[in-house]
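By convention in this document, chain letters (A, B, ...) are assigned in the order of the sequence lines, proteins followed by strands, and residues within each chain are numbered from 1.
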Amino acid sequence: MISPLMADVSAAKMEKIVALCKRRGFIFQSSEIYGGLNGAWDYGPLGTELKRNLKDYWWKCMTQLRDDVVGYDGSILMNAAVWKASGHVDTFSDPMVECLLTKKRFRADQIEPQSGTAYYYKGIKVPTERLPLGRAEKPFAVLVPKGKPQASADKTARQYYLGLGFLESEIIELEFDRQEAVENSTAFNPENGAQLSEPKVFNLMFKTYVGATEDDSSITYLRPETAQAMFVAFKNVLEVARKKLPFGIAQIGKAFRNEINPRNFTFRSREFEQMELEFFVKPGTGPEWLEKWKEERLAWYEAIGIPRSKIHVLTVPDADRAFYSQGTYDLEYEFPFGIQELEGIAHRGNYDLSQHAKASGKPLDYFDEEAKQKYLPEVVEPSAGVDRTVLALLCEAFAEETVRDEESGKEEMRTVLRFAPRMAPIKAGIFPLLKNKPELVAKARAVQATLRPLMKVSYDEAGSIGKRYRRLDEEGTPFGITIDFETLEGAKEGSTSAQGGRIEAGQVDTVTLRHRDSMKQERIAIADLPGYLLAAVS
RNA sequence: GCGGGUAUGGCGUAAAGGUAGCGCGCGUCCUUCCCAAGGAUGAAGUUGGAGUUCGAUUCUCCAUACCCGCACCA
């Protein structure tokens, strides 16, 4: 249970993170100057780097560091038949009905059929003349169990008309229409008997038209997940990849869902990016691979700076699982706004391949050379949200701390993003201690030129050195490199090296290396910078 | 989709039916030998639309976005 105070603290933290994201250029509202667009967000200069680092690392872990996964990059627009076969056209849209009395919403297909006596009303009359509306025609109906008096239906109807908000109870006169026996009807709310609205379809897929003519034959959809491209192309990949089971296909790309209600900053957006792996395995081995991938993915989150202790593994109960799933884990993160899903790892059986084989008429079997038999592989799918993970990185990295100035004793607030170095948008900031000393500036520029081909670095000479360090902190840059007079004139006696040893007194071309998290400084030879930094950020 | 709230430079805020101010940040210049130092100077704002009014950023209505709760999330 979250206390109201903690909820306030969390909301305040989230607001600070949103403000920081805008201030430093991580995330902006989409089309902001036109008032934005509900559920759409842009990544600014730093956010783009962060997101790219995340995707690159996933890609590297999937396709480079193991040899049983190949990459794919499917189109966003696909033949509409794909979405029919996958089940999205039929099941990704939910006909919803709404209780006219309580406004509560139900899936139309989940309403339990009711029997009883239905009372129909045409509307209400209001005898008092001082009210502007003498009567209101607004049909309504109530279902009550057989044998119950009409009075109980009247009571519900009265509540409904009162809820419309323009009348006082004592002067409402119901205009009764008729009563009727009803069997197995889904037109009434099982909880209170009130009439339900006509079903409205909420299709979560964005519909669009391919080509110039907008007729039904040209309809397709923006993909609601990247997965289907990989199932549909299974045969093609099998042909060229020369892989034996088990093997996987990995893809990163945009997907679109017309969410009813986007929420929580970028967490639920209508346009978002996925990192999905479809891992094909021998029939019967799905469950064990589900476990393996769960462990694999947990370790991965640790590697990008999200500790195991902040990830909750939810074993999705049978009732909540998608119809195709034979087992699902949700990996959830403790966001300030609640514990929410980052990644779903699902054992999809052979549902997708069998659906597409059936619908397309093209066999999608795998021929097992050892067993000398054909079969449809099972699939285990770790599917991660890029934008959600970026948000988790930001939330996890965000820290405000009080620092005391040793000399003056003055206390100040320091805002710092403690990204894991491999995720940090910029790896190092390079500064001349003073910008009005040409020798320092020239050397700093030289160091920048050395490091630039190796990693993203920044150069800054504006303001005091302390100010520049704090700027690095807010951007989450793990290293600050300062070219100072010791660089030119030789190191002082007793300098500690970042490599652990000593810098020799009088040694030139050494710089101050400042660490973001500890704010500690040490010296390092310029020649050692590339090796040291590459090791620290890869 | 329902209910509630909010909307003032990049960020955080103040004020008022009649000239919109402050702090931080940002740009330029000066100064500065290691944790948001100092000085000079500059740019930048009332979410959008309609109405009331001599005059609206302020009042009213509508729209949009964001936040909170409910519902939803194959």
Side-chain angles (χ1 to χ4, degrees), chain A residues 4 7-8 10-12 14-16 18-25 28-41 44 83 86-94 96-99 102-107 109 163 197 200 202-205 224-225 257-265 267-268 320-325 337-338 340-341 344 346 351 403-408 410 412-416 431-437 440 462-474 480 482-489 492 511-516 518-521 523:
Chain A
D8 282 355
S10 299
M14 206 54 218
E15 273 174 38
K16 282 178 185 173
V18 173
L20 176 63
C21 280
K22 187 166 187 194
R23 184 165 76 242
R24 287 298 177 189
F28 300 115
Q29 206 177 357
S30 164
S31 34
E32 195 190 58
I33 62 170
Y34 287 107
L37 178 68
N38 189 222
W41 301 89
W83 307 112
S86 69
H88 284 85
V89 172
D90 293 328
T91 60
F92 213 59
S93 63
D94 295 331
M96 304 287 292
V97 291
E98 201 173 76
C99 172
T102 61
K103 304 282 187 212
K104 197 170 167 184
R105 205 180 265 178
F106 303 90
R107 294 243 318 253
D109 58 341
S197 68
K200 282 183 235 170
F202 291 82
N203 196 325
L204 288 176
M205 285 198 292
E225 61 174 25
R257 292 182 192 184
N258 208 348
E259 297 284 355
I260 294 170
N261 195 354
R263 273 292 161 90
N264 291 325
F265 199 28
F267 182 82
R268 182 177 300 167
D320 297 350
R321 273 200 319 258
F323 57 88
Y324 52 75
S325 168
F337 47 80
Q340 299 278 350
E341 181 186 349
Y351 172 78
V403 290
R404 246 181 94 238
D405 184 53
E406 304 258 320
E407 282 170 35
S408 66
K410 223 171 54 182
E412 299 176 318
M413 178 84 89
R414 179 171 89 118
T415 303
V416 54
F431 316 131
L433 182 59
L434 298 174
K435 74 168 167 189
N436 59 356
K437 297 284 182 285
L440 292 177
S464 72
I465 191 70
K467 196 174 212 167
R468 285 176 266 165
Y469 284 153
R470 292 302 168 80
R471 228 174 337 226
L472 289 191
D473 293 341
E474 272 209 347
T482 302
I483 285 73
D484 49 32
F485 291 95
E486 282 185 64
T487 308
L488 307 173
E489 292 159 8
K492 288 181 188 146
V511 293
T512 299
L513 183 70
R514 183 262 190 184
H515 298 268
R516 176 194 66 200
S518 63
M519 298 194 286
K520 292 258 166 56
Q521 306 189 158
R523 292 205 76 75

Just to verify, what does [X] make a salt bridge (Lys or Arg N to Asp or Glu O under 4.0 Å) with, not counting sequence neighbours?
| X | result |
| --- | --- |
| A:K437 | none |
| A:R468 | none |
| A:E259 | none |
| A:R414 | A:E401, A:D473 |

In this structure, how many angstroms lie between the [atom2] atom of [N] and the [atom1] atom of [X], rounded?
| X | N | atom1 | atom2 | answer |
| --- | --- | --- | --- | --- |
| A:K22 | B:G45 | NZ | P | 14 Å |
| A:L20 | B:G10 | CG | P | 17 Å |
| A:E15 | B:U6 | CD | P | 13 Å |
| A:R414 | B:C24 | CZ | C1' | 18 Å |
| A:K16 | B:C66 | NZ | P | 23 Å |
| A:F267 | B:C66 | CZ | P | 16 Å |
| A:Y469 | B:C33 | OH | C1' | 11 Å |

Of all the choices, [options], which nucleotide is nearest to the side chain of [X] once you look at every atom?
| X | options | answer |
| --- | --- | --- |
| A:R257 | B:A36, B:A74, B:C72 | B:A74 |
| A:E474 | B:A36, B:A74, B:C68 | B:A36 |
| A:N261 | B:C70, B:C11, B:A36 | B:C70 |
| A:F337 | B:C68, B:C72, B:A74 | B:C68 |
| A:F265 | B:C33, B:C35, B:C67 | B:C67 |

Problem - Any donor-acceptor pair under 3.5 Å from A:S31 side chain to A:Y34 backbone - result: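 Not a single qualifying donor-acceptor pair exists.
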Problem - Donor-acceptor pair, side chain of A:R268 and main chain of A:R263, under 3.5 angstrom - result: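 Absent.
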Test side chain to side chain donor-acceptor pair (under 3.5 Å) applied to [X] - qualifying residues, sequence neighbours left out:
| X | value |
| --- | --- |
| A:E486 | none |
| A:E489 | none |
| A:N38 | A:R270 |

Distance check, [atom1] atoms only: [N] and [M], in whole angstrom units.
| N | M | atom1 | value |
| --- | --- | --- | --- |
| B:G10 | B:G1 | P | 31 Å |
| B:U46 | B:A20 | C1' | 8 Å |
| B:G55 | B:G17 | C1' | 8 Å |
| B:C24 | B:U19 | P | 26 Å |

Exercise for the section: Spell out protein contact along nucleotides 25-31 of chain B as letters: B when the base is contacted, S when just the sugar-phosphate is, - when no protein heavy atom is under 4.0 Å; keep the 5' to 3' order. Expected result: SS----B
Practice task
Under the side-chain contact (heavy atoms from CB on, under 4.5 Å) rule, collect the residues that match up with A:Y324, sequence neighbours excluded.
Solution key: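 Counting only residues at least two positions away or on another chain, A:Y324 forms a side-chain contact (heavy atoms from CB on, under 4.5 Å) with A:A322, A:R348, A:Y351.
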Handout entry: Results of side-chain contact (heavy atoms from CB on, under 4.5 Å) for A:S30 - residues two or more places apart only
Key = A:A40, A:D42
Show each protein N/O and nucleotides 62-65 of chain B N/O combination with a separation under 3.5 Å, one pair to a line.
unit_1, atom_1, unit_2, atom_2, d
B:U64, O2', A:G35, O, 3.1
B:A65, OP1, A:N38, N, 3.2
B:A65, O4', A:G35, O, 3.1
B:A65, O3', A:Q29, NE2, 3.0
B:A65, O2', A:Q29, NE2, 2.4

Problem - Any N/O donor-acceptor pair, A:R268 side-chain to B:C73 base, under 3.5 Å - result: yes
Practice task
Would you state whether a donor and an acceptor, one from the side chain of A:R514 and one from the base of B:C35, lie under 3.5 Å apart?
Solution key: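 Such a pair is found, so the answer is yes.
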Practice task
Classify the nucleic acid contact of A:E225 as base, sugar-phosphate or nothing, counting any heavy atom under 4.0 Å across all strands shown.
Solution key: base
Practice task
Identify all stems in which RNA chain B takes part, counting only runs of at least 3 consecutive pairs (Watson-Crick or G-U wobble, each distance under 3.5 Å), and give each as one range with another, ordered by first number.
Solution key: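 Stem list for RNA chain B: B:1-7 with B:64-70, B:10-13 with B:21-24, B:26-30 with B:38-42, B:47-51 with B:59-63.
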Exercise for the section: Could you walk me through whether A:Y469 and A:F431 pass the side chain to side chain contact (heavy atoms under 4.5 Å, CB included) test, one step at a time? Expected result: CA-CA 9 Å; A:Y469 284 153; A:F431 316 131; 3.6 Å; yes
